[in-house]
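Structure record follows, encoded as structure tokens.
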Amino acid sequence: MIFETERLEVRKLRKTDVHPFFELESNPEVLQYATGEVKTLQECEKELEALIFKYEKEGNNFWIYAIVRKLDKEFIGTLALVKDEEENDEIGYRFIQRFWRNGYATEICKALIVYCKSIGMKKIIGNVVDENVASAKVLEKFNFVKVKTFISEDIGLPETKYELIL
């Protein structure tokens, strides 16, 4: 386990996560504000293997973890810790659609801030598509500050870059 909250655990991905990972990565509504295209089950199997391999790769700067409920150990989403092009520590998370509106994003963001401080990060950023009002509200709740607006190169939508000094 990487860290936990009252209701959730964050852990490394496993090959057995493939079906809920596919549910997450094959839903166009989940991906509407995210980098990446809707994937097939086979594409998800390959991506999951590649992400798991990165855990052991020296110098890795792209960490994707599973978010699971403590209650039943059900995989409900993913959490990302990634170095961006400017070497900032970028955070991100996405949840399977049927788990939306349960307060999980707020809960995971709060704990993620504590975790990032504990491993010595000085600043974290989050890029949010402007239409994704719910995600922006989560970051603003934790005092992330808007620092830049731009058009995303990968998805072509207006985005805002938020940062939090830890």
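FYI, side chains are in, hydrogens and waters are out, and symmetry mates aren't considered; it's all heavy atoms of this structure.
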Testing the basics here: between [X] and [Y], what is the closest heavy-atom pair and its distance to 0.1 Å?
| X | Y | value |
| --- | --- | --- |
| Asn27 | Gln97 | ND2-OE1, 2.8 Å |
| Val128 | Ser135 | CG1-CB, 3.9 Å |
| Lys161 | Ile125 | CE-CD1, 3.7 Å |
| Cys109 | Leu139 | SG-CD2, 4.0 Å |
| Phe75 | Gly77 | CZ-O, 3.5 Å |
| Val129 | Tyr33 | CG2-O, 3.4 Å |

(request) May I ask you to decide if the ring planes of Tyr104 and Phe99 are parallel, tilted or perpendicular, using 30° and 60° as cut-offs? (result) tilted
(request) Over 60° means perpendicular and under 30° means parallel, so classify the ring planes of Trp63 and Tyr65, tilted if in between. (result) parallel
Calculate, to the nearest 0.5 Å, the distance between atoms [atom1] and [atom2] belonging to [X] and [Y] respectively.
| X | Y | atom1 | atom2 | answer |
| --- | --- | --- | --- | --- |
| Ile155 | Gln32 | CD1 | CD | 9.5 Å |
| Asp89 | Leu164 | CG | CG | 12.0 Å |
| Tyr93 | Ile67 | OH | CD1 | 9.0 Å |
| Lys137 | Thr106 | NZ | OG1 | 11.0 Å |
| Thr160 | Lys146 | OG1 | NZ | 5.5 Å |
| Ile124 | Ile165 | CD1 | CD1 | 9.5 Å |

(message) Going by side chain to side chain donor-acceptor pair (under 3.5 Å), name the residues that satisfy it together with Asn60, two or more places apart in sequence or in a different chain.
(response) none
Okay, side chain of [X], backbone of [Y]: is any donor-acceptor separation there less than 3.5 Å?
| X | Y | result |
| --- | --- | --- |
| Tyr115 | Glu4 | no |
| Asp17 | Arg14 | yes |
| Glu107 | Arg7 | yes |
| Asp72 | Glu74 | yes |

Single-linkage hydrophobic cluster, 4.5 Å side-chain cutoff, [X] and [Y] together:
| X | Y | value |
| --- | --- | --- |
| Tyr55 | Val82 | yes |
| Leu81 | Leu166 | yes |
| Phe142 | Val114 | no |

(request) Carefully, step by step, assess Phe3 and Ile119 under the rule side-chain contact (heavy atoms from CB on, under 4.5 Å). (result) CA-CA 11 Å; Phe3 66 87; Ile119 61 171; over 6 Å; no
(request) For Arg101, look at atom CZ and say whether over 12 heavy atoms of other residues, nucleotides or ligands are found less than 6.0 Å away. (result)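 12 or below, so no.
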(request) Tell me, yes or no, whether the heavy-atom count around Lys46 atom NZ, taken from other residues, nucleotides or ligands under 6.0 Å, exceeds 12. (result)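 Result for NZ/Lys46: open.
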(request) List the steps and the verdict of side-chain contact (heavy atoms from CB on, under 4.5 Å) for Leu8 and Ile76. (result) CA-CA 9 Å; Leu8 306 172; Ile76 66 167; 3.6 Å; yes
(request) Evaluate the side-chain contact (heavy atoms from CB on, under 4.5 Å) criterion for residues Trp100 and Val30: first the C-alpha distance (whole Å), next the side-chain angles of each, then the deciding distance (0.1 Å), finally the verdict. (result) CA-CA 10 Å; Trp100 291 359; Val30 170; 3.8 Å; yes
Check whether any side-chain heavy atom of [X] sits under 4.5 Å from a side-chain heavy atom of [Y], and report yes or no.
| X | Y | result |
| --- | --- | --- |
| Phe95 | Ile108 | yes |
| Leu51 | Phe62 | yes |
| Lys15 | Ile52 | yes |

(request) Could you please spell out the steps behind the side chain to side chain donor-acceptor pair (under 3.5 Å) verdict for Tyr162 and Glu140? (result) CA-CA 9 Å; Tyr162 292 83; Glu140 290 167 1; 3.1 Å; yes
(request) Answer yes when Lys70 and Glu9 have at least one side-chain N-carboxylate O distance shorter than 4.0 Å, and no when they do not. (result) no
(request) Name all residues meeting the side-chain contact (heavy atoms from CB on, under 4.5 Å) criterion together with Glu43; count only those two or more places apart in sequence or in a different chain, and write none if there are none. (result) Lys39, Thr40
(message) Show every salt bridge (Lys or Arg N to Asp or Glu O under 4.0 Å) that has at least one partner inside residues 122-132, sequence neighbours left out.
(response)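 Qualifying pairs: Lys123-Glu163.
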(message) Determine whether Cys44 and Leu24 satisfy the following criterion, side-chain contact (heavy atoms from CB on, under 4.5 Å), listing intermediate values before the conclusion.
(response) CA-CA 10 Å; Cys44 285; Leu24 181 74; over 6 Å; no
